[in-house]
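Heads up: the structure comes next, in structure tokens.
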Protein chains: 2
Amino acid sequence: MGSFFKITEGIVAVSRSLADGRRQIVGIHPPGDCVGYLEINGNYLFQGEALTDVGACAFDRRKFDLFALRNPDVAASVSETLASRLEKAGHQMTVIGQFKAIERVADFLSKIEKLYGARGLPTKPLTLHIRRGEIADHLGLTIETVSRCFSKLKKRNVIALIESDSVVLLDPERLAEIGQVEQ
Amino acid sequence: MGSFFKITEGIVAVSRSLADGRRQIVGIHPPGDCVGYLEINGNYLFQGEALTDVGACAFDRRKFDLFALRNPDVAASVSETLASRLEKAGHQMTVIGQFKAIERVADFLSKIEKLYGARGLPTKPLTLHIRRGEIADHLGLTIETVSRCFSKLKKRNVIALIESDSVVLLDPERLAEIGQVEQ
DNA sequence: CGTTAGATTGAGGGGATTCAAAATTGGTGG
DNA sequence: CCACCAATTTTGAATCCCCTCAATCTAACG
């Protein structure tokens, strides 16, 4: 408590769970991202789960905030990061609220490739580091529906499955089209 | 362009539209909130729509950012606001991704009452200032489904409809229960 | 009083879920 | 290397919830 973390290794899912077990994964974070920043007097507002082995650098929140007060450029950078997260959140809301199942899965794959690619993680093949159940909870679907969508995309030769966790995007443009991702 | 706005009067919906007409309303903002803050070199990332007549105070983004660089407390306040928005976005994502239709509508009504109440807008009765279609686009449902949920809640004596735009929350606790809202 | 926009209600269909079973994968030890 | 087991994924069938299409109703306005 009282700390936030910059991920140095591995993938982290940030989520929110309901009393009855349903959960929503609101963010997936590769190395470079910070998590655990949102808290109210020591209570984190979301859960974090390590999807792989994770290495992270802990920062004391209070000290960091004091530091930011004296370093305007740091404060500006925090705002920028938060703003960028907020934009992504708005997009994800649109995906969950308006997209059909296959559109959501296509969007997810496109975005994961972009995300991992930007951090230098391998994308050919693309190792997801996230299981069907977690993809489902991220997209507001069920495991079975996600699996069926993978099968459909495979049958259409848009993707190929190496292992269940490892995908090759055979036709990224088609995928982006299905996922309505603007380039 | 180049400005953001603090709402002084009326209600604003912030949304994102797809090529085929589908849209997601990602935020509803009463007086006191700022909108139009998220932009990238002059292009707003979301649309804003006035749901009522709106009065607002425009701030030049560049000047404001410079001002914030010299006033750490202002910068901190911006971060706080963004963080709070991000939290709300995470909640809304959970609502859209995991809740059933009636749970979404109940959650919406609970939240709107809280939101308007906090800004001194009348809540007895509660004037929504937002039509069925907009509620639908906010919750990832259709007009008809939203209307049916209103009817169900009315039949269960949880709410009463004065006009289509004006509601009385007869049993707020029950409503919060259905909407799974934590107090 | 007719018109129009928005809301409600009904009937039918479809996409995602649920429940269940089979197949695949991954890990462990012989 | 393979057999065996648990965990995960895939696939199938049936159900359900929400959507779509359509008609009706209501309220506001000229």
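Just so it is clear: chains get the letters A, B, ... in the order the sequence lines come, proteins before strands, and each one is counted from 1.
Between the CD1 atom of Ile159(A) and the P atom of dT9(D) there is a distance of 14 Å, rounded to whole Å. In this structure, the CD atom of Glu103(A) is 12 Å from the P atom of dG15(C), given to the nearest Å. Atom CD in Gln98(B) sits about 13 Å away from atom P in dC18(D), given to the nearest Å. If you take CD1 of Ile143(A) and C1' of dA16(C), they are 14 Å apart, rounded to a whole angstrom. Atom NE2 in His129(B) sits roughly 17 Å away from atom P in dG6(C) (whole-Å rounding). Residue Asp165(A) contributes atom CG, which lies 8 Å from atom P of dT9(D) at whole-angstrom precision. If you take CG of Leu141(B) and C1' of dG15(C), they are 15 Å apart, rounded to a whole angstrom. Between Phe150(A) atom CZ and dA16(C) atom P there is a gap of 15 Å when expressed in whole angstrom units.
Taking side-chain N and O atoms only, Arg131(A) has no distance below 4.0 Å to OP1 or OP2 of dT9(D). Here Ser147(B) reaches the OP1 or OP2 of dT8(C): one of its side-chain N or O atoms lies under 4.0 Å away. For dT18(C), neither phosphate oxygen OP1 nor OP2 lies less than 4.0 angstrom from any side-chain nitrogen or oxygen of Thr142(A). Contact annotation: Thr145(B) side-chain N/O to dC19(D) OP1/OP2 distance is under 4.0 Å.
Checked against the 6.0 Å centroid threshold, Phe5(A) and Phe59(A) do not count as a close aromatic pair.
Ring geometry for His91(A) against Phe46(B) counts as perpendicular: the plane angle is over 60°, on a 0 to 90° scale with 30° as the lower cut.
Heavy-atom distances to DNA chain C give each of Ser164(B) and Glu144(A) a nearest nucleotide, and the one nearer the 5′ end belongs to Ser164(B). Between Lys154(A) and Lys100(A), the residue anchored closer to the 5' end of DNA chain D is Lys154(A), taking for each the nucleotide with the nearest heavy atom. Sequence order on DNA chain C of the closest nucleotides to Ala101(A) and Ser151(B) puts Ser151(B) first from the 5' end.
Among dA13(D), dA7(C), dA11(C), the nucleotide with an atom closest to any side-chain atom of Arg148(A) is dA13(D).
As judged by a 4.0 angstrom heavy-atom cut-off over every strand, Leu161(B) is placed among residues touching the sugar-phosphate backbone only.
Checking His138(B), Glu49(B), Arg23(B) one by one against Ser15(B), the side chain to side chain donor-acceptor pair (under 3.5 Å) holds for a single residue, Glu49(B).
Residue Ile130(A) holds its CD1 atom at 11.0 Å from OG1 of Thr52(A), rounded to the nearest 0.5 Å. Atom CD in Glu134(B) sits 11.5 Å away from atom CD1 in Ile11(B) (nearest 0.5 Å).
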